[in-house]
**Student:** 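Next up is a structure, given as structure tokens.
Small disclaimer: the values here were computed from a predicted structure and weren't measured.
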Amino acid sequence: MSLSKEGLKLLHKGKTKDVYEYDEKSILLYSKDCVTGWVVKNPDGTTTVVEDPGANEVIGEVAGIGSKNIVSSVYYFKKFTEAGIENHFIDADLGSKNLLVKKCTPIGKGMECIVRFKAMGSIVRAYPDYLKTGQTLTDFFEVTTKNDAAGDPRISKELLLSKDFGSLMTEKQYEETRVLCLSAAKLIKDDLSPLGYELIDIKFEIGLYEGRIILIDEVSAGIMRVFKGDKALSEGELAVVLAH
């Protein structure tokens, strides 16, 4: 299917994607060649650039990564559908880096759901007294807000269900979300494992479609951390792997 963003209304300009209104029931996601991470200032005055899919800052571009991210999104969304894991995928145009998806209603101001198989990155920085880098985690699921200025703070189940907080979810919806994300993460983990790659963690976005919580956004190198042996793959390297 040929999909173009020309003439469409821009709804949101994101770090790695731009969102356009396609029609009443669908939107168009345009995948850019941007990668996220951190710029660390060293004691000697130099800086080190660290790629991190969970970061809120764009640190540069990798030519072709947008196209590869579309390929991986299509691949995994189709696998999700086959496995009964609901998602927003409709169609894609690989040449123009556009993904056509169902128009969903965000929950609150938007949130991200993270599944972790090993402790790494922000979770260790947040809880250094309790978790160590590389520690194996079991069905570890957490929810954060989508608020770059606030640092995407973690939000507890109690807050999600609280009337004082806006009753963002029912207890049934929370459990459905947890199962949905764990199922999707395990599918990707099992898909990568025979190739010699280990999924460390992954973040999903969710939305409401016809009253049901489904997976939205993308399934790309920018939402997951993957290792081969003791080496973390860069987003560019991982995009190539995921485009298999």
Side-chain angles (χ1 to χ4, degrees), residues 11-12 14 16-17 19-29 31 53-54 69-70 72-92 99-117 122-123 137-148 150 152-191 199 201-220 222-224:
L11 299 176
H12 175 70
T16 60
K17 294 179 304 301
V19 183
Y20 294 84
E21 184 170 30
Y22 191 75
D23 57 32
E24 291 184 357
K25 295 185 177 181
S26 57
I27 59 176
L28 199 70
L29 304 181
S31 185
N69 285 341
I70 289 289
S72 64
S73 290
V74 172
Y75 174 79
Y76 281 117
F77 278 137
K78 287 183 175 179
K79 277 194 167 291
F80 290 166
T81 300
E82 291 170 3
I85 300 170
E86 286 201 88
N87 62 85
H88 69 167
F89 176 71
I90 299 175
D91 209 334
L99 197 68
L100 183 66
V101 299
K102 300 168 186 172
K103 184 181 290 186
C104 298
T105 303
I107 296 173
K109 298 293 185 181
M111 57 185 62
E112 293 178 337
C113 301
I114 304 171
V115 174
R116 299 180 186 274
F117 295 106
S122 63
I123 193 71
L137 304 173
T138 304
D139 289 348
F140 194 101
F141 171 77
E142 62 178 330
V143 181
T144 72
T145 65
K146 278 181 64 65
N147 188 316
D148 291 355
D152 296 338
R154 292 172 175 82
I155 178 169
S156 68
K157 177 182 176 181
E158 286 72 23
L159 281 177
L160 288 168
L161 304 184
S162 171
K163 291 181 180 179
D164 294 332
F165 210 75
S167 300
L168 298 179
M169 281 185 175
T170 64
E171 187 150 7
K172 181 173 181 290
Q173 286 177 323
Y174 178 87
E175 184 58 24
E176 288 174 347
T177 300
R178 190 183 73 85
V179 171
L180 185 75
C181 293
L182 284 171
S183 298
K186 288 176 180 177
L187 184 153
I188 295 173
K189 185 176 188 292
D190 291 344
D191 187 63
L199 178 62
D201 52 39
I202 185 167
K203 64 178 181 180
F204 297 106
E205 292 192 29
I206 56 171
L208 282 172
Y209 180 73
E210 297 181 345
R212 305 187 307 278
I213 290 179
I214 68 173
L215 296 179
I216 62 172
D217 198 44
E218 62 182 1
V219 189
S220 70
I223 70 165
M224 64 183 84

**Student:** Can we say E218 and K17 salt-bridge, meaning some charged N sits less than 4.0 Å from an Asp/Glu carboxylate O?
**Tutor:**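 Yes, this pair counts.
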
**Student:** Taking all non-hydrogen atoms of both residues, which atom of L99 and which atom of V74 are closest, and how far apart?
**Tutor:**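 In this case the closest contact between L99 and V74 is CD1-CG2, 3.9 Å.
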
**Student:** Is the closest side-chain heavy-atom distance between M111 and I206 below 4.5 Å?
**Tutor:**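 The answer is yes; the side chains approach within 4.5 Å.
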
**Student:** Looking at CG of D23 and OG of S26, how far apart are the two atoms once the value is rounded to the nearest 0.5 Å?
**Tutor:**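 With rounding to 0.5 Å, CG (D23) is 3.0 Å from OG (S26).
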
**Student:** Kindly indicate whether a cation-pi arrangement holds for K189 with F117, taking the cut-offs as under 6.0 Å to the six-membered ring centre and within 45° of the axis.
**Tutor:**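 Yes - K189 lies over the ring of F117, closer than 6.0 Å to its centre and within 45° of its axis.
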
**Student:** Starting at SG of C181, measure out to CG of L215 and round the result to the nearest 0.5 Å.
**Tutor:**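 Spacing of SG (C181) from CG (L215) equals 5.5 Å.
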
**Student:** List the steps, then state whether side-chain contact (heavy atoms from CB on, under 4.5 Å) holds for Y209 with I216.
**Tutor:** CA-CA 10 Å; Y209 180 73; I216 62 172; over 6 Å; no

**Student:** Would you call K102-E210 a salt bridge at under 4.0 Å N-O?
**Tutor:**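 Not counted as a salt bridge, because no side-chain N and carboxylate O are separated by less than 4.0 Å.
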
**Student:** Just one of K186, R178, R116 clears the side chain to side chain donor-acceptor pair (under 3.5 Å) bar with D139, so which one?
**Tutor:**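 Checked K186, R178, R116 against D139; only one passes side chain to side chain donor-acceptor pair (under 3.5 Å): K186.
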
**Student:** I need the N147 CG to I155 CD1 distance, nearest 0.5 Å.
**Tutor:**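 Atom-to-atom, N147:CG and I155:CD1 are 11.0 Å apart.
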
**Student:** Which atoms form the tightest heavy-atom contact between K163 and S167, and what is the distance?
**Tutor:**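 Nearest pair, atom of K163 first, then S167: CA-OG, 3.2 Å.
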
**Student:** Among L168, I107, T177, find the residue that satisfies the side chain to side chain contact (heavy atoms under 4.5 Å, CB included) test when tested with L160.
**Tutor:**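 That would be L168.
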
**Student:** Minimum heavy-atom separation for E21 to K103, with atom names?
**Tutor:**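 Heavy atoms of E21 and K103 come nearest at OE2-NZ, 3.1 Å.
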
**Student:** Show the nearest heavy-atom pair for residues A150 and P153, with the distance to one decimal.
**Tutor:**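 In terms of heavy atoms, the two residues are closest at O-CD, 3.7 Å.
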
**Student:** Quick check for you: to the nearest 0.5 Å, what is the distance between I27 atom CD1 and Y22 atom OH?
**Tutor:**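 So the CD1 of I27 and the OH of Y22 are separated by 13.0 Å.
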
**Student:** Write down the atom of I223, the atom of V219, and the distance for their closest heavy-atom approach.
**Tutor:**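 Where I223 meets V219 most closely, the heavy atoms are CD1-CA, 3.7 Å.
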
**Student:** Would you check if I188 and F80 make a side-chain contact, meaning some heavy-atom pair closer than 4.5 Å?
**Tutor:**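 The answer is yes, as the side chains (C-beta and beyond) meet within the 4.5 Å cut-off.
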
**Student:** Taking only Lys NZ, Arg NE, NH1 and NH2, and the carboxylate oxygens of Asp or Glu, determine whether K172 and E176 approach each other closer than 4.0 Å.
**Tutor:**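 Looking at E176 together with K172, the answer is yes, because their closest N to O distance falls below 4.0 Å.
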
**Student:** Test side-chain contact (heavy atoms from CB on, under 4.5 Å) on I202 and I114; report intermediate values, then the result.
**Tutor:** CA-CA 6 Å; I202 185 167; I114 304 171; over 6 Å; no

**Student:** Do D191 and Y75 have side-chain N/O donor and acceptor atoms under 3.5 Å apart?
**Tutor:**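 Short answer, yes.
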
**Student:** With heavy-atom distances below 4.5 Å as the criterion, would you say the side chains of F140 and V115 are in contact?
**Tutor:**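 When only atoms from C-beta onward are counted, V115 and F140 do not touch, as no gap falls below 4.5 Å.
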
**Student:** Mind checking ring pair (Phe, Tyr, Trp, His ring centres under 6.0 Å) for F77 and listing every partner two or more places apart, or none if nothing turns up?
**Tutor:**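 With neighbours one apart ignored, the set is H88.
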
**Student:** List the residues meeting ring pair (Phe, Tyr, Trp, His ring centres under 6.0 Å) with F141, not counting sequence neighbours, and say none if there are none.
**Tutor:**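 F141: ring pair (Phe, Tyr, Trp, His ring centres under 6.0 Å) contacts with Y174.
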
**Student:** Please identify which of these residues, E175, E171, E142, meets the side chain to side chain donor-acceptor pair (under 3.5 Å) condition with K157.
**Tutor:**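 Among the candidates, only E171 passes.
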
**Student:** What is the minimum heavy-atom distance between A185 and F204, and which atoms define it?
**Tutor:**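 That would be N-CZ, 3.8 Å.
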
**Student:** For T81 and E86: C-alpha separation, side-chain torsions, deciding distance, then whether side-chain contact (heavy atoms from CB on, under 4.5 Å) applies.
**Tutor:** CA-CA 6 Å; T81 300; E86 286 201 88; over 6 Å; no

**Student:** Tell me every residue that passes side-chain contact (heavy atoms from CB on, under 4.5 Å) with E158, counting only those two or more places apart in sequence or in another chain.
**Tutor:**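 Expected list: S156.
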
**Student:** Is it true that a side-chain atom of N87 and a backbone atom of I85 form a donor plus acceptor pair closer than 3.5 Å?
**Tutor:**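 Answer holds: yes.
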
**Student:** Would you mind reporting whether Q173 and I213 have side-chain heavy atoms less than 4.5 Å apart?
**Tutor:**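 Sidechains of Q173 and I213: in contact.
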
**Student:** Within this structure, what is the CG-CD1 distance for the pair L137 and I123, rounded to the nearest 0.5 Å?
**Tutor:**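 Answer rounded to 0.5 Å: 8.0 Å.
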
**Student:** With side chain to side chain donor-acceptor pair (under 3.5 Å) as the criterion, how do N69 and S72 come out once you've worked through the C-alpha distance, each side chain's angles and the decisive distance to 0.1 Å?
**Tutor:** CA-CA 5 Å; N69 285 341; S72 64; 4.5 Å; no

**Student:** For C104 and L208: C-alpha separation, side-chain torsions, deciding distance, then whether side-chain contact (heavy atoms from CB on, under 4.5 Å) applies.
**Tutor:** CA-CA 5 Å; C104 298; L208 282 172; 5.9 Å; no

**Student:** Would a 4.5 Å heavy-atom cut-off, applied to side chains only, mark D152 and S122 as touching?
**Tutor:**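 No, too far: nothing below the 4.5 Å cut-off.
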
